[in-house]
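Inspection log for the structure reproduced underneath, given as structure tokens.
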Amino acid sequence: MIQIELRATPFDPWQYLADWQAQQHQGNTHSGAAAVFVGTMRDFNEGDDVTRMYLEHYPGMTERQLDKIVADAVRTWKLDDALVVHRVGEIEPAQPIVLVAVWSAHRGEAFDACRHIMEVLKHTAPFWKKETLPDGSVRWVDGNTPLQRQPLA
Amino acid sequence: MIQIELRATPFDPWQYLADWQAQQHQGNTHSGAAAVFVGTMRDFNEGDDVTRMYLEHYPGMTERQLDKIVADAVRTWKLDDALVVHRVGEIEPAQPIVLVAVWSAHRGEAFDACRHIMEVLKHTAPFWKKETLPDGSVRWVDGNTPLQRQPLA
Amino acid sequence: MSVKVLFFASLRERLGHGQVTLDIAEPLSVQEVWQRSSGEETLPANVLVSVNQDYADAATLVQLDDEVAFFPPVTGG
Amino acid sequence: MSVKVLFFASLRERLGHGQVTLDIAEPLSVQEVWQRSSGEETLPANVLVSVNQDYADAATLVQLDDEVAFFPPVTGG
């Protein structure tokens, strides 16, 4: 099973997984390995304190890209289940931003798939972070990821 | 903070993490990344159904080796926190066997450290699995890991 | 017939608008959609583009009723 | 003075005992401890050994009051 969720409210990734596992994995005896990543908002970035953040996204395309990323990984690594939860909107320091969890028969596949989903998500899923500094000023976080299209001729 | 636990009773790794996070990470604003692995008992191995398993360990040495593995990883990857929980004793299919969780400022370090701890744990921590098959027969799982000492002269 | 053009994040703020509807009579390249919707000549190298919510490039042909979006490098996760 | 020798898992079952106490007057190699505690000649290549709960090899010298353990390849995780 694949689940993708964008949410505008804070969540506890571990409680989320406990609930998901209780629903989906009751008595799951074939997935020997689960690999999980949780990305959390820090209160500093590029040398500055950050008091809060706004996470913009492209409704429709964001879900579509996440669906594709996860479906590709499920196919490539023959995953049993995969879950991605990503925050949007106003976020405060210490709040989780992203949860990626995958279940597989073997640990190598689980680790590889979880890391791959995170890397591709960071480089292609349409999200943009806008930070608020202690003096009230705001700035967009620079993307430092490779472009997805060829340079213009 | 580092925590290592051997336990003889079943546990829910996600609930365990929710509780640990509530205690240790309340307002943690410096660990941007958490990577987690959970290994679960399957109901088959090497082509056979397995009905249950006994996990033997070497009291004292097992804890000592786990402590060393985790302390090495914390030093190498500058982890903020690390947690390892490992079952011992009687285990049934679908029960978690091992939980490894690490917290770091960056995702690369978190992924690398989590995977490294799992690999070294599997190759050096003194645990031995004895499986019970549906006909009631038992067998020790063959270790297929490299030896830790040099071959005898 | 028209094309819906969207702009996101810092690019939306720089251009001062988040959505433009272009009336077009025949397919246009992404490059032409950029010129007509942004008023700027060349699509900057650090602007990403999607057509119907899939990544595209400056040469991609935009059909009537397509949805085109321009946005800066992504910073999620 | 003595050395405590432990055996684990399939090795314990094969030898039929989990613990032996050897009385020794002077340090012995792990190889000698194996011979005296197991009754077998050569330490098999797939038997791991620890001295005082750290991995060791057949040539490691065992001191009085040390704890030596022999066990098969590990299968945890």
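Note on naming: letters A, B, ... go to the chains in the order of the sequence lines (proteins, then strands), and numbering restarts at 1 for each one.
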| said: Quick check on the structure: residues of residues 3-17 of chain D within a heavy-atom distance below 4.5 Å of chain B, by number. | reply: D/Leu6, D/Phe8, D/Ala9, D/Ser10, D/Arg12, D/Glu13
| B/Trp128 side chain vs D/Pro72 backbone, donor-acceptor pair below 3.5 Å | yes
| query | Would you call D/Ser50 and B/Tyr58 a side-chain contact if the rule is heavy atoms closer than 4.5 Å? | reply | yes
| Should we say atom CD of B/Glu46 is surrounded by more than 12 heavy atoms from elsewhere, each under 6.0 Å from it? | yes
| field | Pairs of heavy atoms under 4.5 Å with chain D: top-ranked of B/His57, B/Gln65, B/Met118 | value | B/Gln65
| said: Need one label for B/Lys129: side chain, backbone, both or neither, based on atoms under 4.5 Å from any heavy atom in chain D. | reply: both
| request: Would you mind reporting whether B/Phe127 and D/Val74 have side-chain heavy atoms less than 4.5 Å apart? | output: no
| query | Do B/Met61 and D/Phe71 have side chains that get closer than 4.5 Å, going by heavy atoms? | reply | yes
| message | Counting only non-hydrogen atoms closer than 4.5 Å, does D/Asp54 touch chain B with its backbone (N, CA, C, O), its side chain (CB onward), both, or neither? | response | both
| Do D/Thr75 and B/Lys122 have side chains that get closer than 4.5 Å, going by heavy atoms? | no
| Is it true that atom CZ of B/Arg139 has more than 12 heavy atoms of other residues, nucleotides or ligands lying nearer than 6.0 Å? | yes
